[in-house]
Amino acid sequence: MQNKKSLETALISSLQELLTDRQRQISIVVHTNPDGDAIGSALGFFTVLHRLGYSKVSVIAPNAYASFLHWMPGNDHVIIASEKPGVAKAAISNAHLLFCLDFNGFSRAEQLENALANSKAIKIMIDHHPQPEKGFDLIFSDTGVSSTAELIYEVITALGHEDAIDLDAAQCLYAGIVTDTGSFSFSCNNPRTYEITARLIGKGVDGAHIQRLIYSTYSAQRMRLLGFCLSEKLVVLEQHHTAYISLTKDEMQRFDHKEGDTEGIVNYALSIKGIRMAALFVEKDDCIKLSLRSTDPVDVNIFAREHYNGGGHKNAAGGKSFTDMHNTLMKFEVLVSREFI
Ligand code: 5GP
Ligand code: MN
């Protein structure tokens, strides 16, 4: 079962050696707009390191994240760089070891990109996205796992510390697996994912409880925003097997928008019969953020890389558009009609 390609003995031995001194500063960084897998992986790993006696461990997120992730044990320790840039950057530049979780290129940490690139720390990537970039000293990269949380479990186990995964850590890792597989509805055909899930459940995780914490905590306004998207904003391009939803800042304000409220909306567009690609366009201060989802054989990672300066996975990716909403949607319609399906 063990000995995955991403967990070669030499790589694990190198990490083991780097982790010898428990007094040194360790910083764990996740990507911008962190999702359940990013926060779950980081806090799961943080909790285990703490339990093993590492005394100086920081967790840094580039920006704030959805409140349905705030229940995770250790959440109060997360440094939000957009709120405390000095503290976050100091934690990165002073680190002896820098773990980059759930991303594989410094630019994904946006405002922390330069701090990461310039830090003298030993940089360790643990991630499951395709096409890892350069700049890291150790790379644990496996596109075959469901989530970074699954890979964190594998790394901790390969280091000989499975026992240090307590209930708090198990809940975080479980949350990462659940969110990155859409509650075991995609990226979930590998038996190993379920073996790890079973181990986490064995440590006391209450799967139904965590499901409620993540997915049944909508505010009434968030629910109404979803209703608005589906009834007023959904565009279906049937002939191109594509559906999309767009949201302007004004529209989001009407529904008292909070961080994370648009999360998951894109999946509704993909759940229409015959639709192979779905997109959500959300107006931000400096750009329009795109979320893309697909079913095979459509590859939205390539689509996002080619047209939207983005990336992600084959079936879930993101990117940005730097023109207004009208032109962004026109370009998107042209792209899908011309070259896509
Ligand atoms: P989401 O649509 O939920 O924001 O992101 C879906 C997937 O695409 C996630 O794996 C996320 O990390 C990745 N992703 C989102 N936006 C970007 C981006 O701008 N660049 C890259 N490289 N990946 C992105
Ligand atoms: Mn992930």
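Order of appearance sets the numbers: ligands from 1, and atoms from 1 within every ligand. The residues of the chain are indexed from 1 along the displayed sequence.
Regarding atom 7 (C) of ligand 1, its nearest protein heavy-atom neighbour is A316 O, 3.4 Å. Among protein heavy atoms, the minimum distance from atom 8 (O) of ligand 1 is reached at A317 CA, 3.2 Å. From the protein, the heavy atom lying nearest to atom 15 (C) of ligand 1 is G318 CA, 3.5 Å.
The aromatic rings of F255 and F228 sit tilted, their planes meeting at an angle between 30° and 60°. Relative orientation of the F99 and F45 rings is perpendicular, given thresholds of 30° and 60° on the angle between their planes. Note: H129 and H31 have perpendicular aromatic rings, judged against thresholds of 30 and 60 degrees for the angle between ring planes. Classification of the F136-F106 ring pair by plane angle, with boundaries at 30° and 60°, yields tilted.
When the N, O or S atoms of H128 are ranked by distance to the Mn ion (ligand 2), NE2 comes first. For D102, the N, O or S atom with the smallest separation from the Mn ion (ligand 2) is OD1.
Closest approach of L43 to C172, counting heavy atoms only: CB-SG, 3.8 Å. When all heavy atoms of I177 and S146 are compared, the closest pair comes out as CG2-OG, 4.0 Å.
Considering backbone and side-chain N/O of D102, none are found under 3.5 Å from N/O of ligand 1. The shortest N or O to N or O distance between G311 and ligand 1 is below 3.5 Å. Ligand 1 has no N or O atom lying under 3.5 Å from any N or O atom of N309, backbone or side chain. Considering backbone and side-chain atoms together, H129 places an N or O closer than 3.5 Å to an N or O of ligand 1.
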Check against side chain to side chain contact (heavy atoms under 4.5 Å, CB included), R293 and M277: CA-CA 6 Å; R293 300 291 184 271; M277 178 166 83; over 6 Å; no
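Each of the following atoms of ligand 1 lies closer than 4.0 Å to a heavy atom of S291: 1 (P), 2 (O), 4 (O). Less than 4.0 angstrom separates some heavy atom of G312 from each of these atoms of ligand 1: 8 (O), 13 (C), 23 (N).
In summary, an N, O or S atom of D37 is located under 2.8 Å from the Mn ion (ligand 2). Residue D180: an N/O/S atom is found under 2.8 Å from the Mn ion (ligand 2). With a cut-off of 2.8 Å, the Mn ion (ligand 2) has no N, O or S atom of H129 in range.
With 3.5 Å as the limit, one finds a donor-acceptor pair spanning the side chains of Y65 and N75.
When each of E259, K258, E263 is paired with D261, the side-chain contact (heavy atoms from CB on, under 4.5 Å) condition holds for K258 and for no other.
Ring-centre distance between F46 and H50: below the 6.0 Å cut-off.
Remark: among candidates R108, K289, R293, the nearest residue to atom 3 (O) of ligand 1 is R293, based on non-hydrogen atoms.
Residue H313 places a heavy atom less than 4.0 Å from ligand 1.
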